[in-house]
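Below is one structure; the comments refer to it alone.
A note on names: the letters A, B, ... follow the listed sequences, proteins ahead of strands, and every chain is numbered from 1.
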Number of protein chains: 2
Amino acid sequence: MTSQENRTKQTFTISQLAAQLDISPRAIRFYEEKGLISPRRTPGNQRIYTAKDRARLKLILRGKRFGFSLDEIAEMIGMADTDVDEVAQIEKSLAYGRRKLEEIRDRMRDLILLEQDLLAVQKKLEKRLEELKREGKP
Amino acid sequence: MTSQENRTKQTFTISQLAAQLDISPRAIRFYEEKGLISPRRTPGNQRIYTAKDRARLKLILRGKRFGFSLDEIAEMIGMADTDVDEVAQIEKSLAYGRRKLEEIRDRMRDLILLEQDLLAVQKKLEKRLEELKREGKP
DNA sequence: AGTAACGTTAACGTTAACGTAAGGTCTTCC
DNA sequence: GGAAGACCTTACGTTAACGTTAACGTTACT
């Protein structure tokens with residue numbers, strides 16, 4: 001171990017994290033601008049990300065993959081309106097999160113429907129393909 | 001039945017459909033520009049939507065809710081590159097659709113993870129809230 | 001201590017997915 | 001048949017989520 005290497009307190013630079021999560025450093029900085037993460041800094045002002053920060057980023061990306069906007073995600077994880085008092089803010093986030101959980105359950109069902117839709121489309125395409133092939137060489 | 005009312009061949013105007021699906025007529029026209037739907041027209045050039053068109057729109061909206069872009073959706077349902085020959089196009093769409101189906105299965109798992117993440121966030125928030133309340137009135 | 005590789009902010013550019021406004025056409029209903 | 005209301009196209013505006021320079025500071029290595 002060179003110096004600052006302590007298996008539990010693994011930290012990353014912005015580009016390391018970006019590579020791991022397959023996004024750009026710019027994207028990560030952008031999420032910070034939006035108030036979704038706030039990593040600590042080195043004395044030289046460079047960002048340092050902990051495993052927790054990484055987990056949060058993964059959550060953000062997951063949310064994104066389901067079409068949630070960054071603003072929505074910000075509310076879900078309770079980092080919005082940091083100017084109001086904390087109790088009110090936390091209660092707001094809790095309520096928001098509960099709504100989003102319901103939404104997620106809806107989406108589960110919806111996802112199944114999407115799957116069925118796509119399966120139906122596939123069947124039709126396969127059928128049409130067979131017809132065309134029969135036409136081609138009868 | 002007044003005249004053109006044939007329970008199976010229900011048709012809709014653009015604004016009727018928009019209201020049903022809770023989107024704007026402009027959005028529907030936009031999807032058409034993108035090649036996602038192609039409703040028939042009246043002699044006077046107005047769009048008429050069938051139940052099939054409606055189902056397709058629902059599919060589009062479902063796809064959107066999961067973060068698929070309109071271009072991706074276009075490929076999934078087999079309406080892209082209408083200039084190449086049909087067999088090739090259909091095969092392309094089939095392959096694309098299969099990939100997307102896999103993606104959907106991944107997302108199922110992912111959605112469960114997102115749910116767990118959010119539940120974890122909720123627990124933390126609740127805990128923090130209790131702390132704050134204990135502080136407030138000890 | 002020099003320098004390559006990486007990091008920082010600031011500011012402008014880009015793209016997808018519509019919104020909106022203008023000006024004209026259809027349909028419907030009296 | 002004429003006015004209201006819905007529909008049409010065209011075209012420019014808007015917003016979210018980054019991408020892309022530019023101009024400069026920091027870290028790591030030799």
**Study point:** Of all pairs that satisfy salt bridge (charged side-chain N to carboxylate O under 4.0 Å, His left out), the ones with a partner from residues 13-27 of chain B, not counting sequence neighbours
**Key:** B:Arg26-B:Glu33
Review point. Is B:Glu130 paired with B:Lys124 through a side-chain N to carboxylate O contact shorter than 4.0 Å?
Key: no
Point to revise | DNA chain C contacts among residues 59-67 of chain B, heavy-atom distance under 4.0 Å | key: B:Lys64
Review point. Got a salt bridge between B:Arg128 and B:Glu131, using NZ or NE/NH1/NH2 to carboxylate O under 4.0 Å?
Key: yes
Check your understanding: Roughly how many Å is it from CZ in B:Arg40 to P in D:dC8, rounded to a whole number?
Key -> 15 Å
Name each donor-acceptor pair under 3.5 Å that joins a side chain in residues 105-113 of chain A to protein atoms two or more places apart or in another chain, with its distance.
| residue | atom | partner | partner atom | Å |
| --- | --- | --- | --- | --- |
| A:Arg105 | NE | B:Glu115 | OE2 | 3.0 |
| A:Arg105 | NH2 | B:Glu115 | OE2 | 2.6 |
| A:Asp106 | OD1 | A:Arg109 | NH1 | 3.1 |
| A:Arg107 | NH1 | A:Phe66 | O | 2.3 |
| A:Arg107 | NH1 | B:Arg65 | O | 2.6 |
| A:Arg107 | NH2 | A:Glu103 | OE2 | 3.4 |
| A:Asp110 | OD1 | B:Arg62 | NE | 3.1 |
| A:Asp110 | OD2 | B:Arg65 | NH1 | 2.3 |

Check your understanding: Please walk me through it: do A:Thr13 and A:Ile48 pass side chain to side chain contact (heavy atoms under 4.5 Å, CB included)?
Key -> CA-CA 5 Å; A:Thr13 73; A:Ile48 28 185; over 6 Å; no
Practice item. Could I get the full list of side-chain contact (heavy atoms from CB on, under 4.5 Å) partners for A:Arg29, not counting sequence neighbours? Key: A:Ile14, A:Pro25, A:Arg47
Practice item. List the protein contact pattern of nucleotides 5-16 of chain C with one symbol per nucleotide (5' to 3'): B for base contact, S for sugar-phosphate-only contact, - for none; contact means a heavy-atom distance under 4.0 Å. Key: -SSBB-------
**Study point:** Distance below 4.0 Å between B:Ser24 side-chain N/O and C:dG19 OP1 or OP2
**Key:** yes
Exercise for review: Would you please name every residue forming a side-chain contact (heavy atoms from CB on, under 4.5 Å) with B:Gln20, sequence neighbours left out?
Suggested key: B:Phe12, B:Leu17, B:Arg54
**Study point:** Lys/Arg N to Asp/Glu carboxylate O, B:Lys34 vs B:Glu75, below 4.0 Å
**Key:** no
